[in-house]
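Report on the following structure.
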2 protein chains.
Amino acid sequence: MLEPELSVAKDKILIVEDEEAIRDMLGYALMKEGFNCDEAADAEQARNTIESSRPNLILLDWMLPGMSGIDYARRLRNVPETRDIPIIMLTAKGEEADKVRGLETGADDYITKPFSTKELIARVKAVLRRYSSSTDTSIIEVNGLVLDPETYRVTANGQDIEISPTEFKLLHFFIGHPERVYSRTQLLDHVWGENVYVEERTVDVHIRRLRKTLEPYGFDRYIQTVRSVGYRFSTR
Amino acid sequence: MLEPELSVAKDKILIVEDEEAIRDMLGYALMKEGFNCDEAADAEQARNTIESSRPNLILLDWMLPGMSGIDYARRLRNVPETRDIPIIMLTAKGEEADKVRGLETGADDYITKPFSTKELIARVKAVLRRYSSSTDTSIIEVNGLVLDPETYRVTANGQDIEISPTEFKLLHFFIGHPERVYSRTQLLDHVWGENVYVEERTVDVHIRRLRKTLEPYGFDRYIQTVRSVGYRFSTR
DNA sequence: CTCTTATGTGACAAAACTATGAAAGAAATT
DNA sequence: AATTTCTTTCATAGTTTTGTCACATAAGAG
């Protein structure tokens with residue numbers, strides 16, 4: 001269910017909308033898609049929320065009490081801290097806006113109410129995709145053991161190794177951070193993700209499996225146990 | 001593997017938009033980004049310009065005097081000379097989302113006014129990037145599997161394969177980007193286009209059908225599943 | 001050497017993913 | 001307008017992977 005190529009941490013979305021019904025609706029739809037949502041009814045609240053938990057994207061209503069959404073967007077663009085947060089504008093269907101003025105908006109996308117949640121989700125994801133930095137895709141090689149994130153392949157002396165997703169991620173992490181010991185907890189954080197509830201001993205099992213798949217090629221000896229501490233990837 | 005950044009020659013962009021203010025504004029923004037721009041106020045002018053200097057991309061206003069943008073887009077698609085020129089539609093915000101959906105048949109992307117120049121540039125570049133690498137009109141051949149974008153034809157060892165449009169596009173993309181894994185989302189972005197609201201699972205179905213049509217010739221094994229990530233085209 | 005604690009392993013049910021057939025919807029053709 | 005071809009979605013079946021246990025082993029401490 002989770003997006004494989006995106007970051008492990010959930011994206012935070014701030015909804016700035018004065019109508020509670022719509023706000024809740026948006027929040028619910030996004031939540032259900034696995035996003036983390038903050039809500040604000042006006043620019044004032046929004047500012048507080050942005051400071052405390054920095055959102056990855058802002059859904060901004062065009063009409064806000066006090067300050068129009070477009071002015072607020074412009075203001076967000078003028079502050080270094082918020083300049084790079086993508087904004088999707090929400091506008092009511094009837095509103096006729098000055099086109100040229102609109103062109104200058106700081107928004108990255110634009111949705112006209114009423115809209116389907118499907119469309120909303122699609123746009124939110126599209127914008128986040130555009131903005132998310134590309135994952136590290138460089139090929140890593142150690143003594144004939146090659147891991148290529150781009151093709152999702154692991155080869156030992158040119159020969160393809162069949163490897164499961166978690167083993168791949170584990171090996172990827174290890175091979176990218178060699179010679180250093182990691183506790184089970186640290187491995188869970190880095191490989192499984194920060195908010196994952198999994199037994200520590202599960203790491204052992206995956207270490208075992210990784211060793212098993214590397215064994216035919218003799219690379220299992222690189223996965224080393226450091227008793228009472230954790231595991232390490234080392235070529236020594 | 002990086003996308004070949006062949007920006008030696010500037011990309012030419014044709015702007016078809018009746019409102020002069022917007023046309024100039026777009027032209028200026030694109031020019032500043034290093035693009036070469038032609039401008040046209042209606043379909044008539046556009047046709048002339050296309051003949052004389054063939055653009056690499058067309059920005060097309062939804063509402064044109066005389067002929068609607070969508071009709072014009074469809075017409076461009078029916079002529080071999082212009083079939084492969086990507087089109088980005090400019091739509092005013094009033095237009096219904098489902099109408100926009102319909103337009104996706106002809107356009108590669110669309111932008112809803114108002115939009116930021118940042119957004120415009122990003123989309124233009126995205127579309128060009130997509131096209132420069134995959135819609136090369138040169139014939140591609142891999143171990144007897146031949147794909148000819150010019151004639152929309154695929155042959156296996158000289159024998160014609162019947163293939164549907166989407167399968168063709170999918171295969172075209174794959175064959176032009178071999179070995180690398182693509183998530184379903186990425187495939188949707190590249191093959192279907194960035195703003196298409198289609199279920200991820202739909203990709204599976206098309207993969208399946210592509211495999212089925214390639215199966216009689218043994219090429220189905222090139223379409224590989226990478227569990228928990230996506231699919232890849234590989235001859236290994 | 002014995003006890004205590006930490007790690008290695010095989011097994012297995014649950015969970016996650018993918019393949020596939022079929023139906024409903026759209027679009028293109030005739 | 002009717003027919004045919006493609007697309008998309010849905011439901012379901014089929015596989016693979018994962019997280020935990022329970023127990024076997026191994027490493028240290030005293």
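All of these numbers come straight from a predicted model, not from anything done at the bench. We use all heavy atoms of the structure for the numbers below, so side chains are in, but hydrogens, waters and symmetry mates are not. The chains referred to below are lettered A, B, ... by the order of the sequence lines, with proteins before strands, and numbering in each begins at 1.
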Using atom types as modelled, flag every donor-acceptor pair under 3.5 Å from a side chain in residues 25-35 of chain A to any protein atom, sequence neighbours excluded.
unit_1, atom_1, unit_2, atom_2, d
Glu33(A), OE1, Lys125(A), NZ, 3.1

- Item | Thr225(B) side chain near dA19(C) phosphate (N/O to OP1/OP2, under 4.0 Å) | yes
- Query: Is the distance from OP1 or OP2 of dT18(D) to the nearest side-chain N or O of Trp192(A) less than 4.0 Å?
  - Reply: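 No, Trp192(A) has no side-chain N/O under 4.0 Å of OP1/OP2 on dT18(D).
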Reported [atom1]-to-[atom2] distance for the pair [X] and [Y], which is rounded to 0.5 angstrom:
X	Y	atom1	atom2	value
Glu39(A)	Ile13(A)	CD	CD1	11.5 Å
Leu188(B)	Tyr182(B)	CG	OH	14.0 Å
Leu57(A)	Asp11(A)	CG	CG	8.0 Å

- Partners of Phe219(B) by ring pair (Phe, Tyr, Trp, His ring centres under 6.0 Å), sequence neighbours excluded?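 Ring pair (Phe, Tyr, Trp, His ring centres under 6.0 Å) check on Phe219(B) returns Tyr222(B).
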- Task: Residues of residues 159-188 of chain A with any non-hydrogen atom less than 4.0 angstrom from an atom of DNA chain D: list those, numerically ordered, please.
- Result: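 Heavy-atom contacts with DNA chain D come from Ser164(A), Pro165(A), Thr166(A).
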- Query: How large an angle, rounded to 10°, do the end axes of the helix from dC1(C)-dG30(D) to dT30(C)-dA1(D) enclose when each is built from five base pairs?
  - Reply: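 Its terminal axes enclose an angle near 30°.
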Polar atom pairs between nucleotides 28-30 of chain D and protein, under 3.5 Å, N or O only, would you list them?
none

- Message: Side chain of Tyr231(B) only, heavy atoms from C-beta on: which candidate in dT18(C), dC21(D), dT9(D) is closest?
- Response: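 My answer, after comparing the listed nucleotides, is dT18(C).
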- Hey, what's the ring geometry for His206(B) with Trp192(B), parallel, tilted or perpendicular (30° and 60° as the breaks)? perpendicular
Protein N or O to nucleotides 10-14 of chain C N or O, pairs below 3.5 Å:
unit_1, atom_1, unit_2, atom_2, d
dG10(C), OP2, Arg208(A), NH2, 2.1

- Message: Under a 3.5 Å distance rule, please check whether Asn56(B) uses its side chain to pair with a backbone N or O of Lys12(B) as donor and acceptor.
- Response: yes
Residues which pass side-chain contact (heavy atoms from CB on, under 4.5 Å) with [X], listed by chain and number, not counting sequence neighbours:
X	value
Ser228(A)	none
Thr151(B)	Asp148(B), Arg153(B)
Gln159(A)	Tyr217(A)

Could you pull out all donor-acceptor pairs under 3.5 Å where a side-chain atom in residues 164-172 of chain A meets a protein atom, sequence neighbours excluded?
unit_1, atom_1, unit_2, atom_2, d
Ser164(A), OG, Glu167(A), OE2, 3.0
Glu167(A), OE1, Thr213(A), OG1, 3.4

- Message: Tell me every residue that passes side-chain hydrogen bond (donor to acceptor under 3.5 Å, both in side chains) with Ser53(A), counting only those two or more places apart in sequence or in another chain.
- Response: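 For Ser53(A), the residues satisfying side-chain hydrogen bond (donor to acceptor under 3.5 Å, both in side chains) (neighbours in sequence not counted) are Asp38(A).
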- Item | Of all pairs that satisfy salt bridge (Lys or Arg N to Asp or Glu O under 4.0 Å), the ones with a partner from residues 206-234 of chain A, not counting sequence neighbours |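 For residues 206-234 of chain A, and leaving out neighbouring residues, there are no salt bridge (Lys or Arg N to Asp or Glu O under 4.0 Å) pairs at all.
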